[in-house]
Protein chains: 2
Amino acid sequence: MEAASKQERTRLSADDWELGALELIAEQGVSALAVEALARRLGVTKGSFYWHFRTREALLKAALARWERDDDRALVADVDPIPDPRERLRELFRRVAREVQPHRIYAALLKALDHPQVLPLMARVSQRRMDFLALAYRQTGMDRTTALNRARLAYAAYVGFLQLNLTLGLPKLSHEEFDAYVAHVIDTLIPA
Amino acid sequence: MEAASKQERTRLSADDWELGALELIAEQGVSALAVEALARRLGVTKGSFYWHFRTREALLKAALARWERDDDRALVADVDPIPDPRERLRELFRRVAREVQPHRIYAALLKALDHPQVLPLMARVSQRRMDFLALAYRQTGMDRTTALNRARLAYAAYVGFLQLNLTLGLPKLSHEEFDAYVAHVIDTLIPA
DNA sequence: GCAAGTCAATACGCGAAAGTATGGATGCTA
DNA sequence: TAGCATCCATACTTTCGCGTATTGACTTGC
C-alpha cells in the first residue's frame, strides 16, 4: 500500500537525497541546501546522509549532474521534432511561458553563478540552448550572424523573464494580459 | 598630503561603511557582505562597525537605501532629456551595453532576491525602469498595451543580458561582434 | 539463524560569523 | 589642558553548519 505522501518511512537511497536536494534548490536556492535541513525534510538525521555522500559538495555535484542529464533535456526535446522552425520557436516560447514550474531550478541556479560547481554547468546548458535557438533562426532564413544575435537576444529575454516573473513576481499580470504579452514576444522575436 | 589610495587612515563615518558595503556587494554579492571582512577592507576591526551600526542588517538597509537614492537614478537621468523617444531608447541601450560597471550592483542584487530587504527594493526599481521604457515606447506611437509589453520585453532582455554577460561570461564576443549584437538588439526592439 | 552489509541515530569537534562587553585612543571644545 | 564625545581594539559568547566517530538496528545471503 505504501502511503502516498512523502512519509514512506522506508530507507533512503542516494537517489532520494539527490531528488530532495533538487526540490530544495528549486524552492529556496542553492545556498539553502544544508545537510541537516535536507535530512529533516526527509525524516532522518545526517547520520544517514554521510553514509550516502562524502560531503555536501558531493551531493550538490550529483544533484546538478542529474538535473543536467534529465530535467534539462526534456525541455528542448519536446519541441525539437517540429519541422517548421518558426512554429518550433513559437511552441517553445509558449511552453516556457505556460509551464514555469520546471524552470524554477534553472532560475535558482542562475542566482548561484558564484558557486564554482554551478558556473560551468550553466555555461554548458545556456550554450546548448542558445545553439538550439540559433539553429532554428538560421532555418527561418536568417544569415548566420543575425541568427546568432537573435538567439542571444531571445535567450537573454528568457533569462530575464525568469528572474522578473518567478523570483521578483513582476510584472503581476492577469491571465489575459499575460497571454497578450507572450503573443507580443512571439511577434517581436520571431520573423513573420 | 593625505595619501591618495584608500589608506586614508583617518577615522571612519557611517558613510564610509555604506560605500564600502556597496563596493563589496558589487564585487562579491550580498552574501559576501560580512562585518569582519568589510572591516578588514577598511583597515579597522569590527569594534568600529558596531559603533556606527546596530547590526549587519542595518548596514545593508542603509547601503541599499543609498544605492536606490543615488546610483540608481543617475542611469535614467542621463538620457531622460533626449526629446526624441527613439533616440532616447537607442542611447539608453548603447549606454547599458558600454558601461557595464555601474550595473554590477544591480546584477548582484538580482541574485539576492531571496533576501527580504532586497526584494521590495528591486521591485520598486524595476517597476520605475519599466515605466520609463513604457513611456518612451508610448511616445513612439505605440498603443498603451503594446508599449507596456515591449517595455517588459526590453527590460527582461536587459536583466538577462546582465546575468549572461556579467556573471556567466556568456557569450564571449569580440568587440566587433558585441557592437553588432547591440545594433541587432536596437533594430529588433526599437521601432524604425 | 548468524554473520556481513546497509542504513540511521547520537554525540562530539571545529571553524566562521554575528553580536556583546569593556577599556583604550584620539580629537574637539571650553 | 581638562573633559567629554567619538572612534576603535580585544576578548569574549552564541549560533549555525560541516564533518567525524561510534554505536545501534534492520536486511539479506549463506
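We name chains A, B, ... by the order of the sequence lines, and we start the count at 1 in each one. The analysis underlying the following values was restricted to heavy atoms, covering all of them including side chains, and did not include hydrogens, waters or symmetry mates.
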Write down the distance between CD (E36(B)) and P (dC8(D)), rounded to a whole number of angstrom. 16 Å
Is there a donor and acceptor pair closer than 3.5 Å between the side chain of R11(A) and the base of dT6(C)? yes
Check this one for me: any side-chain N or O of H52(B) less than 4.0 Å away from OP1 or OP2 of dC8(D)? yes
Closest approach to the side chain of V44(B), judged atom by atom: which nucleotide of dC18(D), dA18(C), dC8(D) is it? dC8(D)
If you count the non-hydrogen atoms of other residues, nucleotides and ligands that lie under 6.0 Å from CZ in R54(B), is the total more than 12? no
What integer distance in Å separates K46(B):NZ from dC8(D):P? 16 Å
What is the distance, to the nearest angstrom, from the OH atom on Y50(B) to the C1' atom on dT10(D)? 15 Å
What's the CD-P distance between E57(A) and dG19(D), to the nearest Å? 7 Å
Under-4.0 Å salt bridge between R41(A) and E23(A): yes
dT20(D) P sits how many Å from W51(A) CH2, rounded? 16 Å
Heavy atoms only, 4.0 Å cut-off, all strands: where does T55(B) land among base, sugar-phosphate and nothing? sugar-phosphate
5' priority, DNA chain D, between A34(A) and G47(A) [closest heavy atom]: A34(A)
Does the pair E87(B)/R94(B) count as a salt bridge with the N-to-O cut at 4.0 Å? yes
Interatomic distance, D15(B) CG vs dT6(D) C1' [rounded to whole Å]: 16 Å
Measure centre to centre between the rings of Y158(B) and Y106(B), then say whether the value is under 6.0 Å. yes
